[in-house]
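First up is the structure itself, then whatever we jot down about it.
The chain is numbered in sequence order, starting from 1. All of these numbers come straight from a predicted model, not from anything done at the bench.
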Amino acid sequence: LDGRFSVDLMLPFYTTSAFEYEAIDALTNGPQTEGAFGDLAFGFKALVYESCTSACSLGLRVEAPTGEDIVSPPGFGVVYSSINDDVWNFTPYVASLWTPSERTFIQSFLSYRLTSSRIEEVENPLTIREQSYFMADVSVGYWLYRNRCGSCLTGLAPMLELHYTGAWDEESAFNSITGPRDTLTNVIYGQSDRLNLTAGLSAFFGQRCSTGIAVAAPLRSKESST
């Protein structure tokens with residue numbers, strides 16, 4: 001579509017706690033780890049506005065429940081025996097870019113992550129609904145060096161970023177038999193908001209390669225849970 005539309009696909013792979021484990025082994029040797037694929041994510045992005053100094057795009061990210069379910073051995077799962085995560089997540093977003101000068105650039109990103117349904121425990125009537133998250137990000141950068149025609153280093157830019165994540169609604173684990181106030185089977189996820197400051201440096205090589213390093217520090221971390 002005249003270079004204004006793109007699609008993406010993400011398949012995360014990571015090391016985490018074992019999804020299926022033996023009780024005796026977990027007690028004697030501690031938590032076991034294994035490699036696993038996470039939830040498959042895909043989406044699209046469209047450039048809806050562009051000028052000589054600014055641009056704006058809209059997009060949607062969809063996360064499919066392709067990751068493994070968590071299973072504990074019979075008789076050992078005090079809190080749960082197995083959890084079946086069939087929840088889809090949808091994140092619409094809007095992003096913008098502004099270049100007030102040849103060397104300065106400012107980027108912003110707004111999104112809201114929604115869940116389709118509750119996570120359900122297989123053998124008991126316990127369901128958990130994840131929070132919906134609002135996310136806001138802004139980044140300011142400056143080109144210390146930029147040479148698009150260079151054969152090796154083509155760009156070097158330090159950046160300073162603010163990242164905010166907020167969950168404004170209370171969600172809880174709910175048991176249809178005992179009710180939502182049973183403290184043994186229910187956890188209430190309260191409102192929370194977090195603000196982080198990130199400082200980093202990005203380097204670009206040729207036309208298709210980049211690398212970077214950054215450090216993040218928490219500025220605000222507020223939670224209320226029961």
Side-chain angles (χ1 to χ4, degrees), residues 1-14 38-64 89-115 131-169 191-223:
L1 299 179
D2 197 25
R4 291 179 173 267
F5 188 86
S6 62
V7 296
D8 64 86
L9 178 68
M10 296 178 63
L11 181 59
F13 181 79
Y14 53 90
D39 290 342
L40 180 70
F42 57 92
F44 68 88
K45 178 175 62 176
L47 183 64
V48 296
Y49 173 79
E50 184 180 23
S51 69
C52 295
T53 59
S54 60
C56 180
S57 64
L58 301 176
L60 175 67
R61 171 66 53 80
V62 179
E63 298 169 58
N89 293 291
F90 303 89
T91 306
Y93 61 87
V94 56
S96 66
L97 169 66
W98 180 40
T99 54
S101 69
E102 291 186 356
R103 289 184 176 269
T104 306
F105 57 92
I106 301 172
Q107 302 174 93
S108 63
F109 192 92
L110 294 175
S111 62
Y112 194 74
R113 187 171 185 264
L114 302 166
T115 58
Q131 291 277 37
S132 294
Y133 292 99
F134 170 79
M135 292 163 282
D137 310 89
V138 62
S139 173
V140 179
Y142 185 82
W143 290 105
L144 294 177
Y145 173 77
R146 197 176 193 187
N147 180 11
R148 297 178 182 272
C149 299
S151 59
C152 187
L153 182 66
T154 56
L156 190 65
M159 287 179 285
L160 194 65
E161 304 175 351
L162 283 174
H163 302 280
Y164 172 80
T165 302
W168 301 328
D169 298 322
Q191 299 176 354
S192 65
D193 62 345
R194 297 178 178 86
L195 180 66
N196 294 327
L197 175 68
T198 303
L201 180 68
S202 292
F204 299 83
F205 302 90
Q207 301 297 321
R208 300 185 179 184
C209 182
S210 66
T211 186
I213 186 172
V215 61
L219 300 182
R220 176 182 175 87
S221 180
K222 181 181 179 181
E223 297 185 30

Closest contact, heavy atoms only, A55 versus L47: CB-CD1, 4.0 Å
Give the C-alpha distance, both sets of side-chain angles, the deciding distance and a yes or no for side-chain contact (heavy atoms from CB on, under 4.5 Å) between K45 and V7. CA-CA 6 Å; K45 178 175 62 176; V7 296; over 6 Å; no
Go through it in stages, so that I can follow the logic: the residues are L160 and L197, the test is side-chain contact (heavy atoms from CB on, under 4.5 Å), and I'd like the CA-CA distance, side-chain angles, deciding distance and then a yes or no. CA-CA 7 Å; L160 194 65; L197 175 68; 3.9 Å; yes
In this structure, is the centre-to-centre distance between the rings of Y93 and F109 below 6.0 Å? yes
Should L219 and L162 count as side-chain neighbours, where that means a heavy-atom distance under 4.5 Å? yes
Charged N to carboxylate O under 4.0 angstrom, D193 versus R220? yes
Would you check if N89 and R113 make a side-chain contact, meaning some heavy-atom pair closer than 4.5 Å? yes
Nearest heavy atoms of G141 and M159, plus distance in Å: CA-CG, 3.8 Å
Please report the interatomic distance CG(L156) to CG(N147), rounded to the nearest 0.5 Å. 12.5 Å
Work out which heavy atom in P12 is nearest to a heavy atom in D39; give both atom names and the distance. CD-O, 3.4 Å
Side chain to side chain, L153 and Y145, heavy atoms closer than 4.5 Å: yes
Kindly check if the number of other-residue, nucleotide or ligand heavy atoms within 6.0 Å of CG (L9) is above 12? yes
Taking the side chain as every heavy atom from C-beta outward, state whether W143 and F105 have any atom pair closer than 4.5 Å. yes
Interatomic distance, CD1@I106 vs CG@L97, rounded to 0.5 Å, equals 9.0 Å
Between F205 and S210, is any pair of side-chain heavy atoms under 4.5 Å apart? no
Any side-chain to backbone donor/acceptor pair from D2 onto R4? Under 3.5 Å, distance only. no
Walk me through it: do S57 and V94 pass the test side-chain contact (heavy atoms from CB on, under 4.5 Å)? CA-CA 6 Å; S57 64; V94 56; over 6 Å; no
I need the minimum non-hydrogen distance between T99 and C52, along with the two atoms involved. OG1-O, 4.1 Å
Between R146 and E102 (salt bridge meaning N to carboxylate O under 4.0 Å), is one present in this structure? no
How about L144 and P158: do any of their side-chain heavy atoms sit closer than 4.5 Å? yes
Are F44 and F5 close enough, and set up right, to give a ring-ring contact (aromatic ring centres under 6.0 Å, His included), and what steps lead you there? CA-CA 7 Å; F44 68 88; F5 188 86; 5.8 Å; yes
Reported SG-to-CZ distance for the pair C209 and F204, which is rounded to 0.5 angstrom: 10.0 Å
Between H163 and D137, is there a side-chain donor-acceptor contact under 3.5 Å, judged purely by atom types and distance? yes
Does the side chain of Q107 reach to within under 4.5 Å of the side chain of E161, using non-hydrogen atoms? no
Scanning both residues in full, the closest heavy-atom pair of L60 with P92 reads CD1-N, 3.7 Å
Could you go through M135 and T165, starting from their C-alpha distance and side-chain angles, then the distance that decides it, and tell me whether this counts as side-chain contact (heavy atoms from CB on, under 4.5 Å)? CA-CA 5 Å; M135 292 163 282; T165 302; 3.8 Å; yes
Would you check if there is a donor-acceptor pair between the side chains of S108 and S96 at a distance under 3.5 Å? yes
Determine whether F134 and Y164 make a side-chain contact, defined as any pair of heavy atoms from C-beta on separated by less than 4.5 Å. yes
